Protein chains: 2
Amino acid sequence: MTKTLQRNVTPPRIKRRALSIPAEFDSDPVVWAAWLYYEEGMTQEEVADQLGVSRASVVNFLQEARDRNIVTIAVSSRHLQTIGLAREVADAYGLTNCLVVPDDGGRLPVHERIGRASARLLIERLQPDDVLGVSWGRTVQALSAALPEMKLPGVTVAQITGCSIGTTEFSPELCTSNIANRLGARCVNLHAPGIVSTAQIKRLFMQEPALVETFKIIHRSNKVLFGVGSVDDAGTAMRSGYMSAENIGPYLARGAVGVVSGRFIDRDGKPILGALDNQMIGLTLDEIAKVPERICIGGGSDKIDAIYAALNNSYATILVTDVATAKALVPRAARSAQTGVSRRP
Amino acid sequence: MTKTLQRNVTPPRIKRRALSIPAEFDSDPVVWAAWLYYEEGMTQEEVADQLGVSRASVVNFLQEARDRNIVTIAVSSRHLQTIGLAREVADAYGLTNCLVVPDDGGRLPVHERIGRASARLLIERLQPDDVLGVSWGRTVQALSAALPEMKLPGVTVAQITGCSIGTTEFSPELCTSNIANRLGARCVNLHAPGIVSTAQIKRLFMQEPALVETFKIIHRSNKVLFGVGSVDDAGTAMRSGYMSAENIGPYLARGAVGVVSGRFIDRDGKPILGALDNQMIGLTLDEIAKVPERICIGGGSDKIDAIYAALNNSYATILVTDVATAKALVPRAARSAQTGVSRRP
DNA sequence: ACACTGAGTTGACAATTGTCAATTGGCTCG
DNA sequence: CGAGCCAATTGACAATTGTCAACTCAGTGT
């Protein structure tokens, strides 16, 4: 029963028992089955007898109850933080929170697993009037897919980088609106390209009243959510047409090891400012660093350098990662503390 | 797996794997098992392989994870309200909410089932700075037992009737403090007998500075929770030594059909004021009726008259009951509407 | 009227999960 | 140091649950 819970991540269709009955009242047998099974601990057979249907139908009812969030089965993220490794990472890098998702022997890709855990974390941390700035990436996209449907009309979800040109499934605008939709929150998109052709054009854009208004909201973010990209793997950024190889070249030459919200950082986490930065529309790293709660999500051996850099310069107050990455991060922090590499307190 | 969830309603002991490990860090395998099983949908065997233990151990880990609220499995009360019958009752009596718990063929006693549902409702409705006044009774006690452990330090739980003399397991003071403990809320007990020997003594009590302070808090309740007692079955009240047969006699003679928070009501829900009322310490019915949100819990064929009376005079804004009672209540409301029996709008 | 369709249901089988008695392993106390 | 103890763990069996192909039946089109 747990099985299918994760197999149909997004249920392709919602079954209806009888088309004639208004949808509102249609759920009786589903709700009752859920109640008797999950609350009262009846077996499916007992439930079937009670409702006067076959046990197989009860299986279906329960499946539907889970799909429609009539029952909620959740591992509280508070407890994932108590895992020893998570505490080590948090202590080593001065994070307020750290989640470490356990290994699953390769069943699910890393970004999927991290997406789920961070989805849980996110909904547990969001407060009524929060403004959540979101960056983008595969992991952020996975997060949005793992969010349950909710109704948080007081919350605002804001896109903190301009849009990408290519149409991948994890563009900034999609990440933002998917998250907002799932949460039932207000969605504020940044209606501008992430990268424009010249610094001059950027200036023009930034003066546009509509964008000025949008940025007012973005700057009000009290929480940000961002993935970390490595530059080694040619970067998520390029694949989506967000940047080109020639643009990236100079940054690499100057020692870029990672990308945070479209901006390059070196091995110590310091921003590398180049020509491209004057063409980028979106929050700068310094602006991100001023947001009170900064949730960094990402993992995988190729991203260790990048995540280390980001943590090292305190871009994150909260990290969600996987066991392998966490294990690699702990000794590094210790080493750099010994050798005295700069790290903000 | 759901089975034991309800069998051990209150787990008799919490297992510890190794006494040498600090409790905080002890949960790793439990949390991981919970994550892999409930979030990722692995089978127990896969989890066992991943953690390197036997599958039987995984079963134990999962059991512990549920016991310790590392995973939460809950049927949202919002959906119990969508059941057709619940809407009918709510409409018939002008309630803002109504939960109807399904029949289970007599597996659990009525008050147990209603207790569970109302526990869920309660935690979903409580807001940060609420003051919840609680009455007492078997059902209220069942509610307290069904509450999960939480941390709601902003909430206050206040005892709205004085204490009982007899020591049953559902005395007013126990109901209140159990609920407060489970919720991690502030507990305000009313340190006085529920019934004193003379009106004179009641006046003395009520002047006591300590009680005056307590009543200030009680009067600040913005939510109340109460069960409904029938008088037919000699009443919960008597059994606990709260009242005696001779005290009750006059009320019965005057047509009492139910008891709400220790006070008698007639078939139309109107308070029956008698000698005893001047000896009772606690909120009066009129005071209760002024609280904005009034949660009435109870069911069973013997209580139908009493619940009807209570609803009829709008003592409740929310009702939690069972199918049989709900089915009996709906036609009554219709009838009384036709025959023009008084019912507040 | 009749076949067709498709959602909902079911029975029977396969897979997963719960139980429990037996075993292990660490710890204390004589 | 070994016996005794207790709790955690395990293997094997029993019970429960998930799957799936076959079936039902109301609505539709011809």
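What you are looking at is a predicted structure, and each value in this text was computed from that prediction instead of being measured. All values below were derived from every heavy atom in this structure, side-chain atoms included, with hydrogens, water molecules and symmetry-related copies excluded.
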Would you kindly give the CG-to-P distance between B:Leu36 and C:dT17, to the nearest whole Å?
13 Å

Side chain of B:Thr43 only, please: which of C:dG11, D:dT9, C:dT17 is the nearest?
C:dT17

Spacing of B:Leu51 atom CG relative to D:dT10 atom P, expressed in whole Å
11 Å

Residue among A:Glu39, A:Glu45, A:Glu46 satisfying side-chain contact (heavy atoms from CB on, under 4.5 Å) with A:Met42:
A:Glu46

Among D:dT17, C:dT17, C:dT10, the one nearest A:Arg55 by side-chain distance:
D:dT17

Check whether any side-chain heavy atom of A:Ile70 lies under 4.5 Å from a side-chain heavy atom of B:Val75, and answer yes or no.
yes

Selected nucleotide, minimal atom distance to B:Asn60 side chain, candidates C:dG11, C:dT9, D:dT9
D:dT9

Of the listed nucleotides (C:dT19, D:dT17, D:dG11), which one gets closest to any side-chain atom of B:Val59?
C:dT19

Gap between atoms CZ and C1', on A:Phe61 and C:dT10 respectively (whole Å):
12 Å

Just wondering, do A:Leu80 and A:Arg120 contact through their side chains at under 4.5 Å, heavy atoms?
no

Contact under 4.0 Å: B:Tyr37 side-chain N or O vs C:dT17 OP1/OP2:
yes

Could you give the CG-to-P distance, from B:Leu62 to D:dT9, as a whole number of Å?
13 Å

Starting at CD of A:Glu64 and ending at P of C:dT9, how long is that distance when rounded to a whole Å?
9 Å

Closest listed nucleotide, where the reference is the side chain of B:Ser57 and the choices are C:dT10, C:dT19, D:dT10:
D:dT10

So B:Val101 and B:Arg116, do their side chains get closer than 4.5 Å, heavy atoms only?
no

Residue A:Ala56, side-chain atoms from C-beta onward, closest of D:dT9, D:dT17, D:dC20
D:dC20

Atom CG of B:Asp49 to atom C1' of C:dT16: distance rounded to whole Å?
14 Å

Please give, in whole Å, the distance from D:dT17 P to A:Glu45 CD?
9 Å

With a 4.5 Å heavy-atom cut-off, do A:Cys187 and A:Asn181 have their side chains touching?
no

Distance in angstrom units between B:Gln44 CD and D:dG11 C1', rounded:
15 Å

